[in-house]
Each structure stands twice: as structure tokens, then as C-alpha cells.
Novice: 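Once you've had a glance at the structure underneath, I'll fire off some questions.
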Amino acid sequence: MILRYLNTIRQRSTRMFMTIARIMVPVMVVVYVADRFGLVRLAGESLAPAMALLGLPPQAGIIWATTIITNIYGGMASMAALSDSLQMNVAQVSALGAMMLFAHNVPTEQSVVRRAGASALVTGGLRVAVGILYGAAVTWVCHAMGWLQDPVSFAWMGQDAGLTQGPPGLGAWLWSTAQSLLLVLVVIIGMVILLDLLERLGVTRLVTRLLTPVLRLSGLEERAAPLTTVGVLLGLAYGGALIIEAAEREGFSPRTRLLALSWLSLCHALIEDTLLILALGANIWVILVWRGLLTLGILAAIAALTQPHTRWGRRLAARAGAPSFPPR
């Protein structure tokens with residue numbers, strides 16, 4: 001009995017991991033090559049005028065571009081490399097930090113989203129657009145009201161931050177990539193066991209019941225709640241892997257996939273990523289509380305726009321071959 005259970009967990013975890021690995025590895029290779037050829041820094045420098053409009057220093061363009069194409073650790077490494085010339089206040093760090101949280105590792109993560117059943121272009125564009133608008137709102141409002149104007153010191157980043165400045169060598173990158181994939185496998189195995197245990201103990205039903213008001217507002221199906229919650233807390237790659245598997249097993253509708261994956265695209269890995277940005281000197285209300293509320297509001301808007309009687313809702317229903325409501 002135990003051996004059969006362990007074998008089931010092994011097969012399920014391996015299948016999910018291979019699905020994610022086939023998506024992540026090719027994208028990670030392309031991103032590394034682009035970084036080695038200086039294309040990431042070039043993209044960041046081209047964003048300098050836009051950063052000025054947002055009330056951010058020109059170096060913020062390099063930091064955000066690096067974050068978008070690589071990940072938050074890459075963005076922090078760029079910040080460390082630029083720390084000697086970087087002058088920002090708490091509001092600016094909070095705005096840039098929120099932008100990094102909204103849009104990071106986009107090529108890899110949106111490849112996962114596409115495989116899970118939502119448009120990578122739509123969800124990726126949503127992440128970048130919301131990041132820009134939210135960052136601008138934070139800097140403009142804080143400047144006008146005189147909030148969070150204390151300067152932030154980045155001296156610690158240039159001393160003993162433990163961050164790599166510039167793209168790593170091939171050997172270091174291969175080792176880092178192998179470690180990342182191993183971590184993904186370990187987390188997926190842990191999540192599969194944990195979710196199965198929570199289901200058997202009835203905790204999943206309790207969590208779903210507690211989340212019902214939020215689910216109604218966001219438009220998500222109740223059965224998608226546990227998977228979405230895992231992704232929100234841990235990360236899009238992990239939550240995406242679960243949604244890929246669950247969508248194939250339980251037949252989630254295109255609308256449910258769009259809503260769940262839009263939620264995960266905008267707000268995921270709340271624990272690890274938030275702590276990283278908080279360490280840079282950002283304000284917790286800006287990068288967590290108000291960002292979370294904005295995400296919920298956006299999900300509510302998407303849910304309203306994709307109701308079965310709307311044009312977008314009929315398009316999603318047509319994709320699934322499901323009947324749709326007649327136009328009003």
C-alpha cells in the first residue's frame with residue numbers, strides 16, 4: 001500500500017517536473033546567451049528616458065530590464081553593480097521593487113503560463129503594464145504628498161552582499177541552473193505530498209471555504225483555489241506546474257485558466273520575493289499590501305470582462321467548444 005502510494009507520487013511529480021523542465025531549460029539558455037552578449041544591459045539603457053517619466057533614476061532601467069529578462073536575483077546583482085552611483089529614496093526603491101515583483105523572469109514564467117493554457121503575450125504584457133502604472137503611481141503620489149522621501153543607502157550591496165556582478169561564466173551558470181532545476185523537483189514533490197495530505201485531512205475544503213469571498217470577487221472556480229494559493233505563496237513555476245497537471249486532469253475552462261494564471265503572473269512567491277525586495281529598503285505597504293489589493297481588483301475586472309455573456313467570454317467559450325450565452 002505504501003509502496004503503491006510512493007510510486008504514484010513519484011510518477012505524478014516526475015511528469016510535472018519534466019513538463020516544467022522542457023519549458024524552462026530552452027528559455028533559460030536563450031536568456032543566458034542574450035545576457036552574455038550584453039543585450040540585457042542594452043535594453044535597460046534604452047529604458048532610461050521612460051524611467052525619468054516614472055520619477056526613477058536612469059539606472060533603474062538597467063535594473064528592471066535585467067529583472068524582467070532574468071529574475072529578481074539578477075536585478076539585485078545589477079543594483080549591486082550600480083550601487084556606487086545609485087541614489088534613491090524609500091518611495092523610489094518601493095516603486096522599483098514593486099515593478100520587479102510584478103514583472104520578473106518573464107520569458108521563462110510566461111512560457112509556463114502558455115503551456116498551462118493562457119496567452120503568454122497577454123499575461124506578460126499585463127505584468128509589464130501594471131508594473132509601469134503602479135510604479136508611476138507610487139513615485140508621483142509619494143513625491144506630491146512628501147511620503148517615504150528618506151534616502152536609502154546601497155553601500156552594503158557593494159561590500160559583502162554575496163551578489164554576482166554581471167552575467168556568470170558558463171560553468172557557474174550550468175551549476176546554478178542544475179541547482180534551480182533540482183530545487184524545482186524537490187518543491188514539486190513536497191507540494192504533491194502536501195496537497196494530497198491536505199485533501200485527505202479535509203484542510204483543502206476548509207481553505208476553499210475561507211477563500212470563497214475572494215474567489216467570488218476574482219471569478220475563480222473553487223476547485224482552482226488550492227493550486228492558485230500554492231502558486232501565490234511559492235512561485236509561478238510551481239503553481240503553474242500544478243495548474244498544468246490539474247487543468248489536464250480536471251478540465252479547467254479557458255476562463256478559469258486565464259484568471260488563475262493572471263493572478264499567478266501578477267502576484268506569486270509572496271514570501272521569498274517580498275522579503276528580497278524588503279531587504280533593499282522598500283516599504284511593506286507598497287510592495288505587499290497595496291500590490292495585493294491592486295491584483296485582486298485587476299482580477300475582478302478581468303472576471304467581469306470574461307463573463308459568458310460578454311464578447312471576450314464568448315471567445316473563451318468558443319476556444320473550449322463550449323456553448324456560450326447569446327449576445328445582449
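None of the values given here were measured: they were computed from a predicted structure. Throughout, numbering of the chain's residues begins at 1 and tracks the sequence.
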Novice: To the nearest 0.5 Å, how far apart are OG1 in Thr66 and CZ in Arg41?
Specialist: 8.0 Å
Novice: Has the side chain of Arg314 got a donor or acceptor atom that lies under 3.5 Å from a matching backbone atom of His309?
Specialist: yes
Novice: Are any of the side-chain heavy atoms of Val138 and Trp290 separated by less than 4.5 Å?
Specialist: no
Novice: side-chain contact (heavy atoms from CB on, under 4.5 Å) between Met79 and Leu96: does it pass, once the steps are laid out?
Specialist: CA-CA 11 Å; Met79 187 175 286; Leu96 178 58; 3.9 Å; yes
Novice: Spell out, yes or no, whether Leu182 and Phe17 are grouped together once hydrophobic residues are joined by side-chain heavy atoms under 4.5 Å, including indirect joins.
Specialist: no
Novice: Quick one: list whatever passes side-chain hydrogen bond (donor to acceptor under 3.5 Å, both in side chains) with Arg114, sequence neighbours left out.
Specialist: none
Novice: Against Phe102, only a single residue in Val130, Leu126, Ile287 fulfils side chain to side chain contact (heavy atoms under 4.5 Å, CB included); can you say which?
Specialist: Val130
Novice: Show the nearest heavy-atom pair for residues Arg127 and Leu266, with the distance to one decimal.
Specialist: CA-CD2, 4.0 Å
Novice: Do you know which two heavy atoms are closest between Ile63 and Gly75, and how far apart they sit?
Specialist: CG2-O, 3.6 Å
Novice: To check you understand the geometry: which heavy-atom pair defines the closest contact between Ala116 and Leu261, and what is its length?
Specialist: CB-CD1, 3.6 Å
Novice: Under the side-chain contact (heavy atoms from CB on, under 4.5 Å) rule, what do Phe252 and Leu220 come out as? Steps first, then yes or no, please.
Specialist: CA-CA 10 Å; Phe252 285 146; Leu220 272 175; over 6 Å; no
Novice: Evaluate Leu170 against Leu174 for side-chain contact (heavy atoms from CB on, under 4.5 Å), listing each step before the verdict.
Specialist: CA-CA 6 Å; Leu170 180 59; Leu174 288 173; 4.1 Å; yes
Novice: Does any N or O in the side chain of His104 come within less than 3.5 Å of the main-chain N or O of Leu101, such that one atom is a donor and the other an acceptor?
Specialist: yes
Novice: Quick check: does any side chain N or O of Ser94 sit under 3.5 Å from a backbone N or O of Asn283, one acting as donor and the other as acceptor?
Specialist: yes
Novice: Going by the rule side chain to side chain contact (heavy atoms under 4.5 Å, CB included), which residues pair with Ala303 if we only count those two or more places apart in sequence or in a different chain?
Specialist: Arg255, Leu259
Novice: Taking salt bridge (Lys or Arg N to Asp or Glu O under 4.0 Å) as the cut-off, I'd like each qualifying pair that reaches into residues 143-157, sequence neighbours left out, listed once.
Specialist: none
Novice: Taking all atoms of both residues into account, what is the closest heavy-atom pair of Ser119 and Val122, and its distance?
Specialist: OG-N, 3.1 Å
Novice: For Gln87, I'd like to know if atom CD has over 12 heavy atoms of other residues, nucleotides or ligands within 6.0 Å.
Specialist: no
Novice: Nearest 0.5 angstrom please: Thr306 OG1 to Arg311 CZ, how far?
Specialist: 12.5 Å
Novice: Which residues pass the side-chain hydrogen bond (donor to acceptor under 3.5 Å, both in side chains) test with Arg15, not counting sequence neighbours?
Specialist: none
Novice: Show your working on side-chain contact (heavy atoms from CB on, under 4.5 Å) between Leu181 and Leu185 and close with a plain yes or no.
Specialist: CA-CA 6 Å; Leu181 292 173; Leu185 176 60; over 6 Å; no
Novice: Does Met99 reach the side chain of Leu54, with side-chain heavy atoms less than 4.5 Å apart?
Specialist: yes
Novice: Between Ser46 (side chain only) and Ala43 (backbone N and O only), is there a donor and an acceptor less than 3.5 Å apart?
Specialist: yes
Novice: If you take all heavy atoms of Val113 and Ser265, which pair is closest and at what distance?
Specialist: CG2-OG, 3.7 Å
Novice: Let me check something: do Val30 and Leu121 share a hydrophobic cluster, defined by ILVMFWY side-chain heavy atoms less than 4.5 Å apart, either directly or through other members?
Specialist: no
Novice: Under a 4.5 Å side-chain heavy-atom rule over Ile, Leu, Val, Met, Phe, Trp and Tyr, are Val152 and Leu280 clustered together?
Specialist: yes
Novice: Please identify each residue that fulfils side-chain hydrogen bond (donor to acceptor under 3.5 Å, both in side chains) with Gln92, with sequence neighbours left out.
Specialist: none
Novice: Quick one: pull up OG1 in Thr67 and CE in Met76 and give me the separation to the nearest 0.5 Å.
Specialist: 9.5 Å
Novice: With sequence neighbours excluded, tell me which residues meet side chain to side chain contact (heavy atoms under 4.5 Å, CB included) with Leu39.
Specialist: Ala34, Phe37
Novice: Are any non-hydrogen side-chain atoms of Ile9 and Ile193 less than 4.5 angstrom apart?
Specialist: yes
Novice: Step by step, work out the side chain to side chain donor-acceptor pair (under 3.5 Å) result for Gln110 and Thr123.
Specialist: CA-CA 7 Å; Gln110 299 323 113; Thr123 53; 2.7 Å; yes
Novice: Using 0.5 Å steps for rounding, measure from the CH2 atom of Trp312 to the CD1 atom of Ile302.
Specialist: 11.5 Å
Novice: So, the side chain of Gln59 versus the backbone of Ser85: is there a donor-acceptor pair under 3.5 Å, distance only?
Specialist: yes
Novice: Checking the side chain of Thr310 only, and the main-chain atoms of Leu305 only, is there a donor and an acceptor separated by less than 3.5 Å?
Specialist: yes
Novice: Look at the side chain of Ser218 and the backbone N and O of Leu299, then say whether any donor-acceptor pair between them is shorter than 3.5 Å.
Specialist: no
Novice: With rounding to the nearest 0.5 angstrom, report the OG to CE distance, Ser180 to Met24.
Specialist: 7.0 Å
Novice: Are any non-hydrogen side-chain atoms of Phe154 and Leu82 less than 4.5 angstrom apart?
Specialist: no
Novice: Less than 4.5 Å apart, side chain to side chain, heavy atoms only: is that true for Glu45 and Ile62?
Specialist: yes
Novice: Which atoms form the tightest heavy-atom contact between Leu264 and Val232, and what is the distance?
Specialist: CD2-N, 3.4 Å
Novice: Applying the 4.5 Å side-chain criterion to the ILVMFWY set and letting contacts propagate, would Tyr134 and Leu53 be lumped into a single cluster?
Specialist: no
Novice: When you look at Arg4 and Asn7, which way does the side chain to side chain donor-acceptor pair (under 3.5 Å) test go after all the steps?
Specialist: CA-CA 5 Å; Arg4 186 185 307 164; Asn7 188 51; over 6 Å; no
Novice: Do Thr177 and Val29 make a side-chain contact, defined as non-hydrogen atoms from C-beta onward lying under 4.5 Å apart?
Specialist: no
Novice: Between Ser176 and Ala172, is there a donor-acceptor pair closer than 3.5 Å when you use the side chain of the first and the backbone of the second?
Specialist: no
Novice: Report whether Ile189 and Met18 are members of the same hydrophobic cluster (ILVMFWY, side-chain heavy atoms less than 4.5 Å apart, transitive linking).
Specialist: yes
Novice: Measure the spacing between CG of Asp273 and CD1 of Ile72 and express it to the nearest 0.5 Å.
Specialist: 3.5 Å
Novice: Does a side-chain heavy-atom distance below 4.5 Å link Ile188 with Arg12?
Specialist: no
Novice: For the backbone of Ile271 and the side chain of Thr274, can you confirm whether one donor and one acceptor N or O come within less than 3.5 Å of each other?
Specialist: no
Novice: For Trp173, is the CH2 atom crowded, meaning more than 12 foreign heavy atoms sit under 6.0 Å from it?
Specialist: yes
Novice: Side-chain contact, heavy-atom cut-off 4.5 Å: Asn89 with Trp147?
Specialist: no
